[in-house]
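To start, the structure itself, in structure tokens.
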Amino acid sequence: MNAFAERLLAWFDRHGRQDLPWQHPRTPYRVWVSEIMLQQTRVETVVPYFQRFMEQFPDVQSLAAAPQDAVLHQWSGLGYYARARNLHRAAQVVVEEHGGVFPAERAGLEQLPGIGRSTAAAIIAQAHDAPEAILDGNAKRVLARHAAIHGWPGSTAVQRELWAEAEARTPATRCADYTQAIMDLGALLCSRSRPACEACPVHVDCGAAQQGLTGTLPSPRPRRDLPTRTRWAACLRAPEGIALIQREQDGIWGGLYSLPEAETAEALEDWVLVQWPGATPAVVDHGLQHSFSHYRLDLRIRPFDLPAGACGIMEGNRVIWYKPGTSRAVGIPAPIQRYLHDDKDPGNGTNR
DNA sequence: AAGTCGGGGAT
DNA sequence: ATCCCAGACTT
């Protein structure tokens with residue numbers, strides 16, 4: 001075994017994370033769900049979601065048989081909802097085409113929706129203790145520093161270098177532990193800012209440490225300024241609840257239930273008054289600002305009041321009348337969820 | 001190769 | 001306010 005792996009494993013035995021929820025029991029199903037949840041998401045954020053998810057969907061069969069709304073409901077607030085939709089589809093493929101048994105090789109896993117190279121490798125290494133190199137955000141940071149690789153790790157050229165480093169260092173034995181170890185090193189010691197180099201087991205031959213580059217590696221993502229998109233939404237208030245409409249599967253918040261939207265205030269009001277001629281617009285609009293990774297959303301919300309029974313006009317499984325606590329289990333975007341529970345405050349409200 | 005897709009915690 | 005996190009997928 002190479003010196004890097006040996007030092008890392010020795011450190012892991014004393015200081016590694018051995019009691020994460022998906023490690024006990026460490027089944028392919030539980031490892032898979034955890035890996036999908038952990039994509040672009042911190043461990044501390046995932047833990048409560050993982051535990052609730054496992055209570056409702058303890059095995060791949062129960063997940064495959066569940067309605068999509070139930071899956072998205074469990075996923076609400078985690079973000080990147082394509083992960084949940086893909087997870088659900090993949091469960092159905094595993095049940096229907098693989099007899100409920102996960103592929104035990106990387107290539108087989110990569111055929112499932114939502115599983116790329118690194119996630120497939122992580123599942124193989126952790127669930128089967130078989131040698132596969134991973135390259136998640138932690139490994140990228142550790143390797144970029146230790147091998148002193150310049151350039152943004154997201155670029156194709158740098159990724160190729162990093163994969164080569166990852167493969168060269170992955171040992172043939174203790175694969176599950178090594179995989180966990182390099183992620184733990186990245187998360188616990190080799191953090192983005194203020195890495196604890198004095199406690200690092202591979203500090204002696206770390207390129208970044210020797211060259212004084214721990215503060216500059218890995219290189220940051222190229223800058224890009226966020227555009228702002230302004231949209232209008234209706235908060236239709238009926239005695240039965242507030243109208244939420246299911247969004248298209250593609251695009252932001254795909255498959256979730258949210259306030260009906262339009263490009264302009266005029267288009268929104270026209271649509272509302274066609275559906276509900278008795279709707280009464282409120283005097284004061286509400287406002288909601290939310291920023292995504294690639295744009296800033298300025299959502300202007302116009303409340304309308306509806307008489308009792310008006311909700312019957314627009315029925316169907318793509319509409320719910322939301323009331324906290326009593327509503328059907330569907331996915332709701334986090335900022336909309338907050339708005340619905342905080343309806344009194346107009347936010348950046350504008351008079352008109 | 002670049003863009004899309006969430007939300008939140010750390011700084 | 002900026003960065004980025006146990007990335008995958010589409011164009």
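If you're wondering where the values come from, they're calculated on a predicted model, not measured in any experiment. Chain letters run A, B, ... following the sequence lines, proteins first and then strands; every chain starts at 1.
Contacts of residues 162-177 of chain A with DNA chain C (heavy atom under 4.0 Å): none.
dC9(C) and dG8(B) have their C1' atoms separated by 23 Å, with the value rounded to a whole Å. Separating the P atom of dC3(C) from that of dG3(B) is a span of 16 Å, rounded to the nearest Å. Distance check on atom P: dT4(B) versus dA6(C) gives 24 Å, rounded to whole Å.
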(message) Strictly under 4.0 angstrom, non-hydrogen atoms only: write out the protein contact profile of nucleotides 5-11 of chain C, one letter per nucleotide from the 5' end, B, S or -.
(response) BBBSS--
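I115(A) and Y80(A) fall into different hydrophobic clusters, defined by Ile, Leu, Val, Met, Phe, Trp and Tyr side-chain heavy atoms under 4.5 Å apart, directly or through other members.
Centroid-to-centroid, the aromatic rings of F53(A) and F57(A) come within less than 6.0 Å.
Summarising the hydrophobic clusters (Ile, Leu, Val, Met, Phe, Trp, Tyr; side-chain heavy atoms under 4.5 Å, direct or chained), the residues clustered with L273(A) are none. If you chain together ILVMFWY residues whose side-chain heavy atoms come under 4.5 Å of each other, W163(A) ends up grouped with M1(A), F4(A), L8(A), L9(A), W11(A), F12(A), I134(A), L135(A), V142(A), L143(A), I149(A), V158(A), L162(A), Y178(A), I182(A), M183(A), L185(A), L188(A), L189(A), V202(A).
Residues R30(A) and D59(A) are not paired through a salt bridge, judged by the lack of any N-O separation under 4.0 Å between the basic side chain and the carboxylate. Look at R300(A) and D285(A) and you find no salt bridge, because none of the NZ, NE, NH1 or NH2 atoms lies under 4.0 Å from a carboxylate O. Contact check on R85(A) versus D250(A) returns no salt bridge, with no Lys/Arg side-chain nitrogen under 4.0 Å from an Asp/Glu carboxylate oxygen. Under the 4.0 Å criterion applied to side-chain N and carboxylate O atoms, E261(A) and R247(A) are assigned as salt-bridge partners.
Along DNA chain B, the stretch of nucleotides lying under 4.0 Å from any heavy atom of chain A spans, 5' to 3', dA1(B) to dT11(B).
Using cut-offs of 30° and 60° for the angle between ring planes, the F292(A) and H294(A) rings count as tilted.
In this entry the distance linking NE2 of H294(A) with P of dC4(C) reads 17 Å, nearest Å.
None of E35(A), E110(A), Q39(A) except one satisfies the side-chain hydrogen bond (donor to acceptor under 3.5 Å, both in side chains) rule with T119(A); the exception is Q39(A).
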N/O donor-acceptor pairs under 3.5 Å from side chains in residues 214-230 of chain A, not counting sequence neighbours:
residue, atom, partner, partner atom, Å
T216(A), OG1, L213(A), O, 3.2
S219(A), OG, G151(A), N, 2.9

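The residue among A157(A) and A334(A) whose nearest nucleotide of DNA chain B is located toward the 5' end is A157(A).
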